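These notes concern the structure reproduced below.
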Amino acid sequence: MTVDRRSLLKYAGAASVMGMVPGLVRGAEQAAAAKADYTLRIGTGLVELSPQHILSTTLYNGQFPGPLLRFKEGQRVTVDIYNDTDTPELVHWHGQTIPSDVDGAAEEGSPFVPAHGMRRISFVPAPSGFRFYHTHVAAGDDLNRGTYTAQAGPVYIEPKANPGAYDREVFLVMKEFAPAFSRGGDMAMDMLVGEPIKALQQIGEKADQEAQEAQEKIKGFEVGYELFGINGRMLGAGEPIRVKQGERVLFHVLNASATEIRSFALPGHTFKIVALDGNPVPTQAGVPVLWLGTAERISAIVEMKHPGVWVLGDLSDDDRGHGMGIVVEYADRKGKPQWVKPKPYRWDYTRFGKAGAVAASPDETIEMTIVKRNAAINGFNQWTLNGEAFSMEMMKPKYKVRQGRRYRLKFRNASDDIHPLHLHRHSFELTRVGGKPIAGIMKDVAMLGGFQELEFDFVANNPGLTLFHCHQQLHMDFGFMVLFDYA
Ligand SMILES: [Cu+2]
């Protein structure tokens, strides 16, 4: 594989310069002055997926997942971040409405945590619910960087008032390990509701043709994985989740994958969805299967009323076979964990929306057409939004927004890939998915289906540079990003 690293090296160079801002010295002085509420240490360590599968990667505090951080809504916290690695790092507080300099994205101006240095940050956690933290550096062609490593950990921000209709909480972090490049195949996409739109397929076909004529290239690189786990353990290698009949268990599930869409089922049980991306849903519908795009979170209550020893796992036999699952064991039940393949189920966000409601009208609509240029950059697919790929040097494309205005983003996907769309520092309201109107669902990541459209609204209520990107690491690193800037 020949890969030109010039652009990536240029980016890394800019990164180390940005890491040298005065914050380093100030941070160290502050650290000496008072102890932080939380400390994160970024460093190389081992993950024991099973006794036979121990691998080395970059971790928070020597563990995967990183420690569960419990914050209180509205109560300021300080976090000391130490970087024991040789490269500058960024910790992004995913799903929180915090200032740009602590959000943890270089594009927004957050300073890097220098190699072998530290940075103290302080912010007021919000909104309440299930969030997470993860690295936000570009990986490019380096599978030892970015979200291909094990730098991810859950955050739970306690609400001021806790509804509490469950007996206990279990946090589950789904993650792949041992990544490798391959020439991509097609992503399965029939699990999302909605039909492909012909006009978008035609735009995609035209881009394919152009890429082929220009470079005679085939499909670009994709990433596959050898090993899978939940909370850092392969199926059967960790402790089972021990439950009692009649217990109501609130699962907080995070898809911490760098690139993959994940599914989840527990034979004979139903998930009652109570929150998406940590935000309570208007309609708590029951579903047999969960589908989560990269970085999505689902909070769901399962009533334990089907005694046995079960596999709670991914629908893909291959991924589950390589570890993507965890055993659920009822008290006094013994035996081999059972898996039963669920009936096909199409994921539909609108089921959890506010019935009959219509979202508020936007002040402005911004349309974005997403096109894939097959293998256009050294064998990697390039992604363009309205014909433009994001450039760190130019800090473009950049859209101006005005405080207080409500913006509707209308995405038109002219590719066959699913895109987990992510907006930083703001929550958005889904307003149209798979051809259906929807209201009342607040999220920070949403899956846009292949050759489909999706609309969401956000209110410009948190001044500062704001990044929007696809959360698929390969897509964001190769163009799928824009900035919003307050006028
Ligand atoms: Cu994408």
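First listed ligand is number 1; within each ligand, the first listed atom is number 1. What you see is a predicted model, and the numbers here were worked out from it, not measured in a lab. Sequential numbering from 1 along the given sequence is applied to the chain's residues.
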**Prompt:** So Lys354 and Glu429, salt bridge (charged side-chain N to carboxylate O under 4.0 Å, His left out) or not? Walk me through it.
**Reply:** CA-CA 11 Å; Lys354 198 167 177 181; Glu429 181 178 6; over 6 Å; no
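Under a 3.5 Å cut-off, the side chain of Asp319 and the backbone N or O of Met324 do not form any donor-acceptor pair. The main-chain N or O of Leu315 is found under 3.5 Å from a side-chain atom of Ser263 such that the two form a donor-acceptor pair. A donor-acceptor pair under 3.5 Å is formed between the side chain of Gln452 and the backbone N or O of Gly194. Using modelled atom types, no side-chain atom of Asp314 and backbone atom of Arg262 make a donor-acceptor pair closer than 3.5 Å.
Between the NE2 atom of His136 and the NE2 atom of His469 there is a distance of 3.0 Å, given to the nearest 0.5 Å.
Panel detail: the Cu ion (ligand 1) has protein N, O or S atoms under 2.8 Å away, 3 in number.
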